[in-house]
Amino acid sequence: MWTADEIARLCYEHYGNRLPKQGKPEPNREWTLLAAVVKIQPTAGQACDRSDGPVQVTKEVVSMGTGTKCIGQSKMRKSGDILNDSHAEVIARRSFQRYLLHQLHLAAALKEDSIFLPGSQRGLWKLRPDLLFVFFSSHTPCGDASIIPMLEFEDQPCCPVSRDWASNPSVETNDNLEAPEDKRKCEDPESPVTKKMRLEPRTPDGTAHRQSFGSQERGPNPPNVNSSHLTAEELATVTGMTPSGARVVDVYRTGAKCVPGGAGDSRKPGAAYHRVGLLRVKPGRGDRTCSMSCSDKLARWNVLGCQGALLMHFLEEPIYLSAVVIGKCPCSQEAMQRALFGRCQNVSALPEGFGVQEVKIQQSDLLFEQSRCAVQTKKADSPGRLVPCGAAISWSAVPEQPLDVTANGFPQGTTKKGVGRPQARAQKLATYQDYKEAASTYQQAWSALRKQAFGSWIRNPPDYHQFM
């Protein structure tokens with residue numbers, strides 16, 4: 001039906017051709033991350049479940065986001081007029097919600113081109129059965145999915161590390177890849193050392209290295225090992241090596257911090273530095289954030305849906321992603337599976353229509369031209385510091401005001417005098433929190449997920465949800 005490269009190419013072309021220069025990185029000085037949602041639809045007269053050959057489909061970008069920033073706790077506002085999290089994945093999902101809302105308006109107006117059909121309950125809608133949505137991100141989501149095994153022989157192609165290692169990397173090695181003088185820098189998520197380790201692994205010959213995976217690039221099958229039946233010594237013996245014989249000596253670090261008050265990283269040298277499967281918050285510059293990592297948010301969307309609580313007032317069932325495609329970057333399929341749905345597999349007693357979605361995960365060989373790695377390669381030895389772009393772009397396939405550019409959580413160009421001015425809102429019958437809480441099935445599913453898997457999820461104080 002489609003390939004990872006087709007999805008990536010479509011998103012890159014959309015970014016280059018449909019989005020203006022406003023909000024994009026300054027050439028040779030800034031970089032950014034890109035995320036998008038792509039609608040997959042069979043061409044006329046074909047069904048997704050046909051068995052007499054490949055299904056011809058149309059692919060359309062319906063939402064897109066760029067961004068690398070999130071605000072610190074001290075800058076949060078109770079008026080609800082600032083974006084707390086402007087990472088590309090979160091912006092793309094917000095844009096997708098705008099698209100869904102527009103499609104609900106079309107359905108209510110009995111427009112045939114809506115993606116929704118009437119549900120079995122009056123006033124509720126459901127997604128057309130022939131449609132699916134693919135989530136694209138130019139880079140591995142921050143947080144748990146970014147904790148990726150690093151092999152001893154990085155100048156050789158990497159085979160996928162066994163899933164049991166990704167689930168429980170308790171292997172300690174004698175080789176510490178951090179020089180003592182770099183340890184403090186490696187623990188600082190904003191330091192060049194950490195960012196290079198996390199985003200730009202290099203082989204000795206200087207070429208970019210990544211862990212490839214997927215149906216077309218899978219190495220030898222790793223041994224089928226269940227870590228729960230092994231002693232610590234046996235686990236170290238089995239999971240400390242890849243099928244090719246390369247030893248796991250370290251992990252790529254994530255700047256996302258473990259949720260305060262819960263379990264934390266061991267910070268031991270080598271592969272045991274991080275503990276995997278934990279909820280994490282995005283790093284801030286001195287000011288701690290309250291924004292959960294993109295890995296955690298994607299995992300939540302794979303249980304509760306991408307539509308959020310408010311749109312569930314109009315939907316008979318949640319809107320799930322069918323697949324996640326990652327651009328060319330360091331990535332591990334096992335780590336992605338663990339982070340995006342493996343942590344939630346034991347969640348049960350969800351309301352009807354909700355469930356843990358085991359999304360298909362693929363990776364493209366195409367590099368985003370404004371990623372940190374690509375820009376740094378072009379920049380080479382040019383003077384000046386490479387910095388993340390401060391703006392975030394939100395684009396949605398809607399007819400009115402499809403584009404929105406923000407900086408520091410406010411619309412780009414907002415002055416200090418403009419901050420805090422009353423904003424006209426369509427509904428004044430209740431608060432934002434009231435509408436969210438009234439989505440009963442969604443809240444039941446969210447309560448079950450928190451109790452069974454995400455108990456340490458950070459929840460903002462109610463005061464921050466009382467705006468109208």
Side-chain angles (χ1 to χ4, degrees), residues 6-25 32-41 57-69 80-109 111-116 125 127-128 131-138 294 297 301 305-308 310-311 314-315 319 321 325 327 368-370 389-414 418 423-427:
E6 289 175 347
I7 297 296
R9 185 177 295 108
L10 179 68
C11 294
Y12 295 159
E13 290 176 352
H14 188 97
Y15 174 83
N17 299 330
R18 298 290 298 276
L19 269 60
K21 291 184 178 180
Q22 181 186 11
K24 290 183 177 179
T32 193
L33 301 177
L34 175 72
V37 177
V38 178
K39 181 182 72 173
I40 307 292
Q41 181 176 6
V57 299
T58 59
K59 301 178 290 292
E60 177 190 1
V61 176
V62 296
S63 77
M64 179 166 283
T66 71
T68 64
K69 304 283 189 178
D81 57 356
I82 189 172
L83 294 180
N84 295 338
D85 190 341
S86 294
H87 278 215
E89 296 94 327
V90 178
I91 295 293
R93 186 251 188 170
R94 290 175 60 91
S95 302
F96 183 50
Q97 290 175 321
R98 280 199 68 200
Y99 168 77
L100 294 177
L101 181 60
H102 171 65
Q103 292 295 319
L104 283 169
H105 281 299
L106 293 180
K111 302 290 186 180
E112 293 184 357
D113 55 348
S114 173
I115 65 173
F116 292 111
W125 305 88
L127 187 67
R128 286 169 46 179
L131 300 181
L132 58 86
F133 295 104
V134 175
F135 192 87
F136 173 78
S137 177
S138 64
C294 288
K297 291 188 174 183
W301 303 340
C306 289
Q307 76 294 322
L310 299 185
L311 290 183
F314 313 104
L315 296 173
I319 306 298
L321 301 170
V325 173
F368 179 42
E369 65 178 5
Q370 292 192 320
C389 180
I393 303 175
S394 169
W395 180 91
S396 182
V398 297
E400 297 182 6
Q401 297 182 336
L403 186 73
D404 185 29
V405 181
T406 58
N408 299 316
F410 292 107
Q412 194 173 50
T414 300
Q423 301 292 323
R425 298 185 183 273
Q427 296 288 347

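Computed from a predicted structure; not experimentally measured.
Looking at M64 and R18, their side chains never come closer than 4.5 Å, going by heavy atoms from C-beta outward. Looking at heavy atoms from C-beta onward, H102 lies in side-chain contact with P399 at the 4.5 angstrom threshold. For the pair D85 and K297, the minimum side-chain heavy-atom distance is below 4.5 Å. Q97 has its side chain out of reach of L101: every pair of non-hydrogen atoms, C-beta onward, lies at least 4.5 Å apart. A 4.5 Å side-chain heavy-atom check between L100 and V62 finds every atom pair outside the cut-off.
Take Y12 and apply the ring-ring contact (aromatic ring centres under 6.0 Å, His included) test, not counting sequence neighbours, and it matches F136, F368. Considering only residues two or more places apart in sequence or on other chains, K24 meets the salt bridge (Lys or Arg N to Asp or Glu O under 4.0 Å) condition with none of them.
Scanning all heavy atoms of the two residues, the minimum distance from I91 to I393 falls at CG2-O, 3.2 Å. When all heavy atoms of L315 and F116 are compared, the pair lying nearest together is CD2-CE2, 3.5 Å. Shortest non-hydrogen contact noted between W125 and A107 is CH2-O, 3.3 Å. Nearest heavy-atom pair, V61 versus A397, reported as atom, atom and distance to 0.1 Å: O-CB, 4.3 Å. Looking at every heavy atom in both residues, A92 comes nearest to S63 through O-OG, 3.0 Å. Here the shortest heavy-atom pairing between Q307 and I319 reads OE1-N, 2.8 Å.
A distance of 11.0 Å separates SG of C11 from NZ of K59, quoted to the nearest 0.5 Å. Rounding to the nearest 0.5 Å places SG of C294 at 11.5 Å from CZ of R93. We find the OG1-CD distance between T66 and Q370 to be 9.0 Å, quoted to the nearest 0.5 Å. Annotation: the span from L104 atom CG to I115 atom CD1 amounts to 7.5 Å, rounded to 0.5 Å. Distance CD/E112 to CG/L106: 12.0 Å, rounded to 0.5 Å. Atoms OG1 and NZ, from T32 and K69 in turn, are 10.0 Å apart once rounded to the nearest 0.5 Å.
The side chain to side chain donor-acceptor pair (under 3.5 Å) pairs that include a residue from residues 394-411 are S95-S394, where partners are two or more places apart or lie in different chains.
In this structure, the ring of F135 has its center no less than 6.0 angstrom from the ring center of F96.
Within a 6.0 Å radius of CZ in R98, more than 12 heavy atoms belonging to other residues, nucleotides or ligands are found.
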